Amino acid sequence: MIGFFKGRKQEERIDIRDTFNWVDGIDKQRLDLSGQGFEERLTEIKSVHQFLKSEGGERLIQSLHDDMIGIGFPEESTKIELGLLSEIFSPETLNLMFFNPSNGLGNSFHQGAFNDTVKVDDSYSYLVVPKGLILVVGSSNTILPVITSIVLSYICGNVTVCQLSKLNGGVISKFIDGIPSRCSDYTHYTGLDHADPGDVAILKQALIEIPWNVINVWGGEDANNFYFRNVAENPSRPRVLNMEPLTGIVIIQKSFLESNQQKVSAELARSICEMGQQLCSSPTEGYILDDTKSDNENDDFFADLIHDLEQNFIDFENFETSYFKLDRMLTFAQDHHSRVHVSKEHGNKISVIQSKEQSVFENLDDNQSVSIHERRNFLELIEVGSFDSILASIDRINSKHTHREIKKVQTILVFGDPAFNAQVLTLARKVGAYRVVDSHYIFERHPLEALDGSHLINEFTYHLSVIGSVPYQQPA
């Protein structure tokens, strides 16, 4: 039995069993999972890929689509997310994610088979063991990251509890319950509303008293602060894996741009528009490094970019107030000698700012600025003369009101020749970025890559060391 109430005063107790009917079954479920083989769960989840192509799977996806549209997800973004769901479950993707040379299970796959025990030398080997109990905290603007965490946690052998947004929580649970897998048996939901003071009191107590092993937070600054603050009182000292607020940038080599104008314009426009420019990888600021030393202002490129943004345009009606405020930003930019390009068809709902040497918005106060979360189809492209200038601008990016709460740059989208791209990699190391990508990977994740520097599979498991003369035979 898990001791939930040690050290707390009687009058402060909230019996969380009244809210969470899964609490008393956690220990038994953990034991059940520990008696099952890893390969058994992996094979089971791989079968979901075929199900999603079946008539029943197509009905499930259509139902999720209708639900997402009904709660306000954009049509195009919904299609992208649901289209990638099947890819997550493909055998090829799962094999790449789990038997990955850069993560903790890479050495467990040997000559086509999974080895439970990995022998390193004659005196040391290890087993990869589940952490035990995982809390996954979801954000409201996407479903894929949370579904990925739930599925990977289950394959690794953990019991998973989800604290989901009221907006999309029903979509995520419908998917997990609808696929042919025992994953749903070992996945539970708090059913709490973070905005409800009564629910928050129960959630705080659950964070403090339930012996979580890992808390995986997908959310913004407020969410991360809330979970870090409350879990600090948990005697089990769970690992907090926070996918903190990040953003993307684009770096363009001017000579490459002038030789590949249509390609850069089309791919940059698609990258800006995908998922309403609200991904941690979405470019929200850009730099054109002038290696030509010419006076070319690239007017044709900016005209093409506006046109391509129009072709990808999705209107966000709930941002009307922001568009009024955006007018002040554009006027400010013009008054401070930046060039402003807007759509003839959609007005300032598509805006590209052309600045020199540094962001024109560095000295803009909060009353005049619109943050990256309050705007869409917007980009400032700053022409600079060196990588040092880009480095200085990136170092200041989260000091601007436009990028408040952003911790740092996650993704660098690059357009350049191989030598230029190599210099971007050097810059990426200096600024602590997690990804350097072409436009195909603004939304998509490569199955081998770490998520913001961490492999979830490593975070959901640990190595049990076998040392000395202990036999290394595989279990019968």
Side-chain angles (χ1 to χ4, degrees), residues 2 26-46 48 88-89 91 93-110 113-120 124-137 145-162 176 181-188 210-218 231 234 236-243 434 445-467 470 472 474-475:
I2 301 173
I26 289 175
D27 281 342
K28 182 179 184 303
Q29 286 203 314
R30 291 170 69 170
L31 289 173
D32 287 345
L33 280 171
S34 67
Q36 298 172 12
F38 165 83
E39 274 198 296
E40 181 182 350
R41 292 188 298 273
L42 180 59
T43 301
E44 173 195 319
I45 291 297
K46 286 178 180 178
V48 172
I88 291 175
F89 292 91
T93 298
L94 287 167
N95 280 340
L96 285 171
M97 291 173 72
F98 276 90
F99 307 125
N100 180 344
S102 67
N103 74 22
L105 275 173
N107 293 327
S108 299
F109 195 65
H110 184 64
F114 176 76
N115 293 330
D116 189 59
T117 304
V118 178
K119 182 177 179 180
V120 178
Y124 179 76
S125 65
Y126 64 87
L127 291 79
V128 180
V129 179
K131 287 280 183 72
L133 181 60
I134 312 296
L135 174 64
V136 177
V137 180
V146 172
I147 289 175
T148 301
S149 288
I150 293 169
V151 171
L152 295 186
S153 175
Y154 168 68
I155 296 173
C156 289
N158 299 293
V159 178
T160 307
V161 178
C162 302
I176 296 298
S181 163
R182 292 173 301 168
C183 179
S184 61
D185 295 336
Y186 299 95
T187 303
H188 308 287
I210 294 178
W212 312 105
N213 297 102
V214 178
I215 298 178
N216 179 200
V217 183
W218 298 88
V231 81
N234 190 309
S236 297
R237 297 289 186 263
R239 162 91 161 100
V240 180
L241 177 62
N242 62 311
M243 302 308 184
Y434 292 120
R445 292 281 190 160
H446 194 286
L448 292 177
E449 77 169 286
L451 299 179
D452 298 351
S454 299
H455 284 289
L456 289 180
I457 292 163
N458 288 357
E459 300 294 340
F460 294 161
T461 59
Y462 71 93
H463 282 193
L464 190 162
S465 298
V466 183
I467 306 166
V470 178
Y472 296 117
Q474 292 288 323

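Note that this is a predicted model, so its numbers are computed, not measured.
- The shortest side-chain heavy-atom distance between Ile88 and Val151 does not fall under the 4.5 Å cut-off.
- Among Leu133, Leu135, Ile134, the one residue that satisfies the side-chain contact (heavy atoms from CB on, under 4.5 Å) test with Ser153 is Ile134.
- Note that CZ of Phe460 and NE2 of His455 are 13.0 Å apart. Values are rounded to the nearest 0.5 Å.
- The shortest heavy-atom contact between Arg445 and Ala450 is NH1-O, 3.7 Å.
- Under the 30°/60° scheme for interplanar angles, the aromatic rings of His463 and Tyr126 are found to lie parallel.
- A heavy-atom distance below 4.5 Å is found between the side chains of Trp218 and Leu451.
- Salt-bridge annotation for Asp32 and Arg41: absent, with no side-chain N of the basic residue lying under 4.0 Å from a carboxylate O of the acidic one.
- Here the side chain of Gln29 pairs a donor or acceptor atom with the backbone of Asp185 at under 3.5 angstrom.
- The line from CG of Leu42 to CE of Met97 is 10.5 Å long, rounded to the nearest 0.5 Å.
- Rounded to the nearest 0.5 angstrom, Phe38 CZ and Thr43 OG1 are separated by 9.0 Å.
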Chi angles and distances behind the side chain to side chain contact (heavy atoms under 4.5 Å, CB included) call for Leu456, Asn216: CA-CA 9 Å; Leu456 289 180; Asn216 179 200; 4.1 Å; yes

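- His188 places none of its side-chain heavy atoms less than 4.5 Å from the side chain of Ile26.
- You'll find the side chain of Ile45 reaches within 4.5 Å of the side chain of Ser181, heavy atoms only.
- Ile155 CD1 to Glu40 CD: the interatomic distance, rounded to the nearest 0.5 Å, is 12.5 Å.
- The shortest distance between side-chain heavy atoms of Ile215 and Asn234 does not fall below 4.5 Å.
- Residues Cys183 and Glu44 approach most closely at N-OE2, 3.9 Å, considering heavy atoms.
- No side-chain donor-acceptor contact under 3.5 Å links Asp452 to the backbone of Tyr434.
- The two atoms that bring Pro447 and Asn100 nearest to each other are O-ND2, 4.2 Å, heavy atoms only.
- No side-chain donor from either of Thr160 and Tyr154 sits under 3.5 Å from a side-chain acceptor of the other.
- Considering all non-hydrogen atoms of both residues, Thr117 and Ser125 come closest at CG2-OG, 3.7 Å.
- Remark: the backbone N or O of Lys131 is paired with a side-chain donor or acceptor of Asn158 at under 3.5 angstrom.
- Side-chain contact between Ser454 and Leu241 is present, with at least one heavy-atom pair separated by less than 4.5 Å.
- Inter-residue side-chain proximity for Ser465 and Tyr124 is flagged as met; some heavy-atom pair is nearer than 4.5 Å.
- Closest non-hydrogen pair, Cys156 versus Phe98, comes out as SG-CE2, 4.0 Å.
- Rounding to the nearest 0.5 Å places OG1 of Thr93 at 9.5 Å from NE2 of His446.
- To the nearest 0.5 angstrom, Ile147 atom CD1 is 11.5 Å from Leu152 atom CG.
- Annotation for Ile457 and Thr461: closest pair O-OG1, 2.7 Å, computed over non-hydrogen atoms.
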